[in-house]
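Since we're looking at a predicted model, the values are computed, not measured. Numbering of ligands and ligand atoms starts at 1, following listing order.
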Amino acid sequence: MNIVKEKILVIGACGQIGVELTTELRKLYGANNVVASDLRDEHELLKGTGPYVSCDVMNKEMLHVLIIRHNITQVYLLAAILSATGEKNPALAWHINMQSLLNVLEIAKEEKLTKIYWPSSIAVFGPNSPKQNTPQHTIIEPTTIYGISKFAGERWCEYYHAHYGVDVRSLRYPGLISYKSAPGGGTTDYAIEIYIEALRDKDYQCFLSEDTYLPMMYMPDAIRATIELMEAPAANLSVRSSYNLSGMSFSPKEIGASISKHIPEFALTYKPDFRQQIADSWPGSVDDSLAQNDWQWKPQYDLDTMTADMLKNLADKV
Ligand code: NAD
Ligand code: SER
């Protein structure tokens, strides 16, 4: 991997992805070259590992000063309101998800930052998109405010790249599963809770129905995909909105069966709530052949290897 000298700002560094991405970026670029920032107090796992600055991404002036003061060249923007929380306050989700991105893109244009990373989601797809192997380019009619904001964000990214030359890169993450930092209010969070409850109580009541298939990915694959995309030569990238990205696809029943191989007495029941409607609007699997072709994406984890790793790592935490 060709790592050039960069100074990176991670916004939303204390969230589910931010903690692990910041840690990995610090290994690659050097601790002092990666500034972590968030609204929250610094996450325990980040303390002592590099610089931390409290910053509200919605305050454009404060963000601009921070970027100049720290000689920032790249920004990873992870602050957002996720799908389930977004449905409870759609106006707030739209405001935060859109304005945070516009603030970063505008500063990137003005300061000629070298690269920006901003994640989209499988939530851009809606009930009229093909359900299986959903293509990169297809009907995109999201029905959640989260998905609407991600789709609009993708259009802004492509626009800033085409009109102002901002090198902004993006992935449509599937639901991400991890054990280091808690998830932030998504529909796919059941696939994390299920491991914690299986270890703690040996039972779990799932808020999605047993046959709800969704695209998912283990966090180590997601972090690697993010860094591989950011390190790919710009000329190789044919997608400047956001790349489809695939890891695995499973239902609550299948993840339950995978856990039962380690905890035979595990009991799984189902009580779908408002998140079922969100999940039903999303694909069961996505086609990521452009990511495979353009920057040689290949996931490493499947359901059973992820289950073994999650249970091993959560065992002394619950
Ligand atoms: P998260 O909710 O765990 O973390 C977001 C972080 O942003 C939090 O620490 C929060 O305090 C911070 N934040 C919120 N508002 C802020 C503000 N105004 N200023 C500064 N910081 C603020 O979310 P995550 O799961 O880490 O997701 C990160 C990104 O990846 C989001 O854009 C999300 O939509 C996207 N994504 C996540 C998943 C997933 O499964 N986790 C899947 C697809 C896409
Ligand atoms: N995991 C995310 C969510 O459920 C998908 O973007 O909101």
Asks: What pair of heavy atoms forms the shortest contact from Val34 to Arg26, and how long is it?
Replies: O-NH2, 3.0 Å
Asks: Taking the six-membered ring for Trp, are Tyr243 and Trp295 parallel (under 30°), tilted (30 to 60°) or perpendicular (over 60°)?
Replies: perpendicular
Asks: Heavy atoms only, cut-off 4.0 Å: how does Tyr173 contact ligand 2, side chain, backbone, both, or neither?
Replies: neither
Asks: Between CG of Asp221 and CE of Met216, what distance do you get to the nearest 0.5 Å?
Replies: 14.5 Å
Asks: Output yes when Lys131 and Asp280 qualify as a salt bridge under the 4.0 Å nitrogen-oxygen rule, no when they do not.
Replies: no
Asks: List the closest protein heavy-atom neighbour of atom 2 (O) of ligand 1: residue, atom name, distance to the nearest 0.1 Å.
Replies: Gly184 CA, 3.5 Å
Asks: Ser83 heavy atoms, cut-off 4.0 Å: which ligand 2 atoms fall inside?
Replies: 3 (C), 4 (O), 7 (O)
Asks: What is the nearest protein non-hydrogen atom to atom 16 (C) of ligand 1, stated with its residue, atom name and distance?
Replies: Leu39 CD1, 3.5 Å
Asks: Please list, in number order, the atoms of ligand 1 under 4.0 Å from a heavy atom of Asp56.
Replies: 17 (C), 18 (N), 19 (N)
Asks: Any side-chain donor paired with an acceptor under 3.5 Å for Ser83 and Thr187?
Replies: yes
Asks: Check whether more than 12 heavy atoms from other residues, nucleotides or ligands sit under 6.0 Å from atom NZ of Lys253, and answer yes or no.
Replies: no
Asks: Among Tyr76, Trp118, Tyr146, Tyr173, which one puts a heavy atom closest to atom 33 (C) of ligand 1?
Replies: Tyr146
Asks: Mind checking whether Trp282 contacts ligand 2 via backbone (N, CA, C, O), side chain (CB onward), both or neither, at a 4.0 Å heavy-atom cut-off?
Replies: side chain
Asks: In the protein, what heavy atom is nearest to atom 1 (N) of ligand 2, and what distance, to one decimal place, separates them?
Replies: Thr188 OG1, 2.7 Å
Asks: Check each of Pro174, Ser121, Ser242, Gly175 against atom 42 (C) of ligand 1 and report the one with the nearest heavy atom.
Replies: Pro174
Asks: Return a yes/no value for Gly18: is any of its N or O atoms, backbone included, closer than 3.5 angstrom to an N or O of ligand 1?
Replies: no
Asks: Among all protein non-hydrogen atoms, which one is nearest to atom 4 (O) of ligand 1, and what is the separation to 0.1 Å?
Replies: Gly15 CA, 3.2 Å
Asks: Against heavy atoms of Gly12, which atoms of ligand 1 measure under 4.0 Å?
Replies: 6 (C), 7 (O), 12 (C)
Asks: Specify the protein heavy atom at minimum distance from atom 20 (C) of ligand 1: its residue, its atom name, and the distance to 0.1 Å.
Replies: Cys55 O, 3.3 Å
Asks: Is a donor from one side chain sitting under 3.5 angstrom from an acceptor on the other, for Asn103 and Ser100?
Replies: no
Asks: At a non-hydrogen distance cut-off of under 4.0 Å, which region of Ser100 contacts ligand 1 (side chain, backbone, both, or neither)?
Replies: neither
Asks: Hey, which atoms in ligand 2 end up nearer than 4.0 Å to a heavy atom of Thr187?
Replies: 3 (C), 4 (O), 7 (O)
Asks: Between CZ of Arg240 and CZ of Arg169, what distance do you get to the nearest 0.5 Å?
Replies: 5.5 Å
Asks: I need the Met98 CE to Lys150 NZ distance, nearest 0.5 Å.
Replies: 8.0 Å
Asks: Among Ala279, Ser121, Pro183, which one puts a heavy atom closest to atom 5 (C) of ligand 2?
Replies: Ser121
Asks: Of the listed options (Gln16, Met216, Arg40), which comes nearest to atom 8 (C) of ligand 1 when hydrogens are ignored and any heavy atom counts?
Replies: Arg40
Asks: May I ask you to list the atoms of ligand 1 that are less than 4.0 angstrom from any heavy atom of Ser120?
Replies: 43 (C), 44 (C)
Asks: Looking at atom 22 (C) of ligand 1, what's its closest protein heavy atom, distance included?
Replies: Ala79 CB, 3.5 Å
Asks: Considering heavy atoms of the protein only, find what lies nearest to atom 28 (C) of ligand 1 and give residue, atom and distance to 0.1 Å.
Replies: Leu78 O, 3.1 Å
Asks: Would you please say whether a donor-acceptor pair under 3.5 Å links the side chains of Thr226 and Tyr173?
Replies: yes
Asks: Suppose we measure from atom 19 (N) of ligand 1 to each protein heavy atom; which comes out shortest, and what is that distance?
Replies: Val57 N, 3.0 Å
Asks: List the atom of Leu176, the atom of Ala222, and the distance in Å for their closest heavy-atom pair.
Replies: CD2-CB, 3.7 Å
Asks: Under a plain distance cut-off of 3.5 Å, with no hydrogens placed, do Glu111 and His64 share a side-chain donor-acceptor pair?
Replies: yes
Asks: Backbone or side chain, does any N or O of Leu77 fall under 3.5 Å from an N or O of ligand 1?
Replies: no
Asks: Among the heavy atoms of Ala13, does any lie under 4.0 Å from an atom of ligand 1?
Replies: no
Asks: Record the part of Leu82 in heavy-atom contact with ligand 1 below 4.0 Å; permitted values are side chain, backbone, both and neither.
Replies: side chain
Asks: Before signing off on this row, confirm whether Ile17 and ligand 1 have an N or O atom pair separated by under 3.5 Å.
Replies: yes
Asks: Is the closest side-chain donor-acceptor distance between Asp304 and Ser258 under 3.5 Å?
Replies: yes
Asks: Quick check: Leu176 and ligand 1, any N/O pair under 3.5 Å apart?
Replies: yes
Asks: Do you see a donor-acceptor pair shorter than 3.5 Å between the side chains of Tyr204 and Glu193?
Replies: yes
Asks: On the 0 to 90° scale, with breaks at 30° and 60°, tag the Tyr159-Tyr164 ring pair as parallel, tilted or perpendicular.
Replies: perpendicular
Asks: From the options Glu20, Lys150, Met217, select the one whose nearest heavy atom is closest to atom 32 (O) of ligand 1.
Replies: Lys150
Asks: Taking only non-hydrogen atoms of Cys14, do any sit less than 4.0 angstrom from ligand 1?
Replies: yes
Asks: If we count only N and O atoms by modelled type, under 3.5 Å, do the side chains of Tyr213 and Glu254 hold a donor and an acceptor together?
Replies: yes
Asks: Need the ligand 1 atom indices (1-based, order shown) with element for anything under 4.0 Å from a heavy-atom of Met58.
Replies: 18 (N)
Asks: Which atoms form the tightest heavy-atom contact between Ala234 and Asp167, and what is the distance?
Replies: CB-OD2, 4.2 Å
Asks: Which bit of Ala123 gets closer than 4.0 Å to ligand 1, counting heavy atoms only: side chain, backbone, both or neither?
Replies: neither
Asks: Looking only at protein heavy atoms, identify the closest one to atom 9 (O) of ligand 1 and say how far it is in Å.
Replies: Asp38 OD2, 2.7 Å
Asks: Could you check whether the rings of Tyr179 and Tyr218 sit parallel, tilted or perpendicular, using 30° and 60° as the cut-offs?
Replies: tilted
Asks: Near Ala80, which atoms of ligand 1 are under 4.0 Å from a heavy atom of that residue?
Replies: 31 (C), 32 (O), 34 (O)
